[in-house]
Amino acid sequence: MNNFKLKDLTLISALAGIVAVSGLTIQEAHSQGTSTIKVDGSSTVFPITEAAAEEFQKSTKGAVRVTVGVSGTGGGFKKFCRGETDIANASRPILAKEMEACKAAGISYIELPVAYDALTVVVNPQNSWAKNLTVAELKKIWSPEAQGKVTNWNQVRTGFPNAPLALYGPGANSGTFDYFTEAINGKAKASRTDFNASEDDNVLVQGVSKNKNALGYFGYAYYEPNKTRLRAVAINGPKGAVLPSATAVINGTYQPLSRPLFIYVSAKAAKRPEVKKFVTFYLTNGAKLASSVKYVPLPAAAYKTVMGHFQKPRLGTVFGGQEAVGLTISELLKRDAK
Amino acid sequence: MKSESAKDVHKLIAWAKLWQAGFIILGVLSLLVGIVTLVALLADMFIKGGPLISWRFFTSFPSRNAEEAGILSAWVGSLLVMFVTALAAIPLGIASGIYLEEYARKNWIADLIEINVANLAGVPSIIYGLLALGLFVYAFHLGDTVLTAGLTLAILVLPVVIVTTREAIRAVPSSIREASYALGSSKWQTIRSHVLPYGMGGILTGVIVALSRAIGETAPLITIGALTFIAFLPDSPVQSQFPYISFAWLMSPFTVLPIQMFNWVSRPQPEFQLNAAAAGVVLVGMTLLVNGLAIYLRYQFRKGIKW
């Protein structure tokens with residue numbers, strides 16, 4: 001019986017020992033662990049930052065760790081303004097509410113555009129009529145007033161066939177939805193709600209590719225690999241019908257559906273050598289990285305200007321908390337921080 | 001007259017047989033619906049993902065190029081998270097089960113706890129994710145780390161372990177307990193030397209069911225912020241310097257197999273769908289391995305029992 005007690009005692013003391021040691025080492029690890037750069041935010045910007053993180057970690061042979069999370073632009077800014085992350089991925093400029101949160105927490109930031117995205121309106125390849133659409137026609141289709149009323153292609157433009165209109169678009173939590181509704185309907189999040197919504201763009205690709213009468217919209221990165229299953233619709237502007245493409249985005253003719261993508265670097269984190277190195281790597285290789293994941297890179301000169309903004313830290317945002325629609329790259333870079 | 005009633009009986013038997021045959025067909029069809037669907041899904045996954053599984057797939061980090069992408073950080077993460085989950089859920093669950101079954105007085109508090117535990121086993125996993133987000137990430141500041149994930153999954157599977165432990169203990173005949181008491185042993189000695197060893201087979205089954213559930217969970221981990229690109233391994237638990245063991249890996253960011261699959265499935269390039277299928281094959285393999293281990297252990301325990 002004594003024997004049993006002894007065994008129990010050793011077991012308990014061994015457990016206590018393990019707990020104590022683990023407690024100590026956890027504290028130690030905090031102070032001396034490998035340096036980690038934390039990035040979080042938009043799923044649209046994710047592929048570019050992921051590419052940068054992948055190549056950067058290869059080039060430093062694992063000396064620096066980079067984690068890239070996906071919690072949406074809004075979620076990313078929440079964590080960023082609480083000081084939990086070093087860099088925020090954003091598919092739209094920081095909003096007034098988020099600016100206040102950051103200010104309250106004493107977090108200042110450097111706003112860096114890294115690439116452009118062309119929101120692409122797509123139809124089924126068998127759709128022989130809708131080669132191009134005007135912004136007004138898109139508004140007729142997507143505005144909140146169209147709910148339950150605009151349900152046939154022949155209501156969109158005279159001459160379009162009598163065919164039911166099947167709509168596909170991203171869900172309300174998406175930055176793409178915010179931007180599209182702002183650009184087309186004039187107010188972010190104002191949209192009809194009787195369409196097939198999904199946060200997963202692959203579902204939209206599937207939907208449009210299987211329905212002859214479908215129309216949908218999402219980021220160019222999802223259109224590019226699915227070109228055989230979908231057809232992009234040209235946007236009719238003052239300079240004629242323009243299809244989404246890198247050239248059209250850079251020369252500013254694909255309007256109003258091209259949008260800049262950003263990373264926001266915390267000014268405090270930017271002082272750390274590994275963060276400095278990572279952002280410099282990101283901007284130097286920005287063009288290559290962006291095009292490798294099917295986004296539109298900024299012109300080389302623009303990356304230089306942006307690099308200047310990072311090296312001589314230009315704090316704050318140039319948008320003053322407003323969503324910016326129809327801004328060309330050169331206009332964007334000329335703006336001053338507010 | 002006699003032959004008439006015999007005819008009736010024959011007719012009755014024929015009807016009964018017909019009903020029986022009908023029911024057998026219905027049963028087999030019902031079974032087939034489930035099995036065929038399962039087999040078709042598994043076969044589809046194996047055909048798509050099987051050819052991609054190679055040494056390289058296990059030893060490469062995720063990448064934006066589908067051909068280069070692998071699951072190194074994912075399977076290591078899955079193993080580490082499972083380790084923490086097992087370490088937290090098994091002792092807690094078994095101890096709670098023993099207490100509730102053997103020590104707790106049977107009153108309304110015990111009833112209340114019993115109802116709650118049974119209900120908790122059926123709560124959707126995302127709720128546990130929200131609980132973990134509030135408790136571990138915000139209140140304890142543990143961040144989105146291996147430790148948080150392990151503990152989250154531990155509380156998720158705790159009710160399953162408790163319920164099965166209680167059932168396993170209850171199945172031990174009371175004559176065994178009485179015999180033990182008759183020989184003068186205390187309650188704890190009885191539990192330790194008789195109830196626990198005899199119930200171990202059932203307890204292990206519960207533990208394994210729990211761990212198999214935990215290994216495939218995605219929703220609660222996404223809630224705590226684990227949907228992340230990770231191309232590095234957590235710190236090694238074994239160090240070359242004193243004290244030789246390090247627990248830094250507990251505080252490391254992580255990814256797990258189901259999250260890696262989720263990430264790949266949502267990508268535009270079709271090649272990534274194949275990668276996701278391959279990761280699925282590995283996940284199914286891991287689950288089967290855990291289950292196999294459990295069956296083996298249970299067999300070993302049952303072999304040792306001589307009543």
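Letters A, B, ... mirror the listed sequences (proteins, then strands); counts begin at 1. Quick note: numbers below take in every heavy atom, side chains included, and nothing from hydrogens, waters or symmetry partners.
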Using non-hydrogen atoms and a 4.5 Å limit, figure out which bit of A:Val293 sits close to chain B: side chain, backbone, both or neither.
side chain
Is it the case that over 12 heavy atoms from other parts of the model lie below 6.0 angstrom from the CZ atom of A:Phe281?
yes
Chain B heavy atoms under 4.5 Å from A:Glu50: which part of the residue, side chain, backbone, both or neither?
both
Of the backbone (N, CA, C, O) and the side chain (C-beta and beyond), which part of A:Ala221 lies under 4.5 Å from a heavy atom of chain B, both, or neither?
backbone
So for A:Ser71, is it side chain, backbone, both, or neither that comes closer than 4.5 Å to the heavy atoms of chain B?
neither
If I measure from the heavy atoms of chain B, does A:Lys58 come under 4.5 Å with its side chain, its backbone, both, or neither?
side chain
Of the backbone (N, CA, C, O) and the side chain (C-beta and beyond), which part of A:Thr49 lies under 4.5 Å from a heavy atom of chain B, both, or neither?
neither
Quick one: what part of A:Asp201 sits under 4.5 Å from any heavy atom of chain B, side chain, backbone, both or neither?
neither
For A:Lys268, is the NZ atom crowded, meaning more than 12 foreign heavy atoms sit under 6.0 Å from it?
no
What one should report as the nearest heavy-atom pair of A:Asn202 and B:Val265 is ND2-O, 2.9 Å
Portion of A:Val66 that has a non-hydrogen atom of chain B nearer than 4.5 angstrom:
backbone
B:Glu68 versus chain A, the contacting section by heavy-atom distance below 4.5 Å:
side chain
Side-chain touch A:Phe46/B:Asn263, heavy atoms, less than 4.5 angstrom
yes
Under 4.5 Å heavy-atom distance to chain A, tell me which part of B:Ser185 shows up: side chain, backbone, both or neither.
neither
Test: A:Lys79 and B:Asp144 ion pair at under 4.0 Å
no
Neighbour count above 12 (heavy atom, 6.0 Å) for B:Lys187 NZ:
yes
Kindly write out the residues that satisfy side-chain hydrogen bond (donor to acceptor under 3.5 Å, both in side chains) with A:Arg82, not counting sequence neighbours, or none if the list is empty.
A:Glu84, B:Tyr138
Within the 4.5 Å heavy-atom criterion, are B:Phe61 and A:Glu54 side-chain neighbours or not?
no
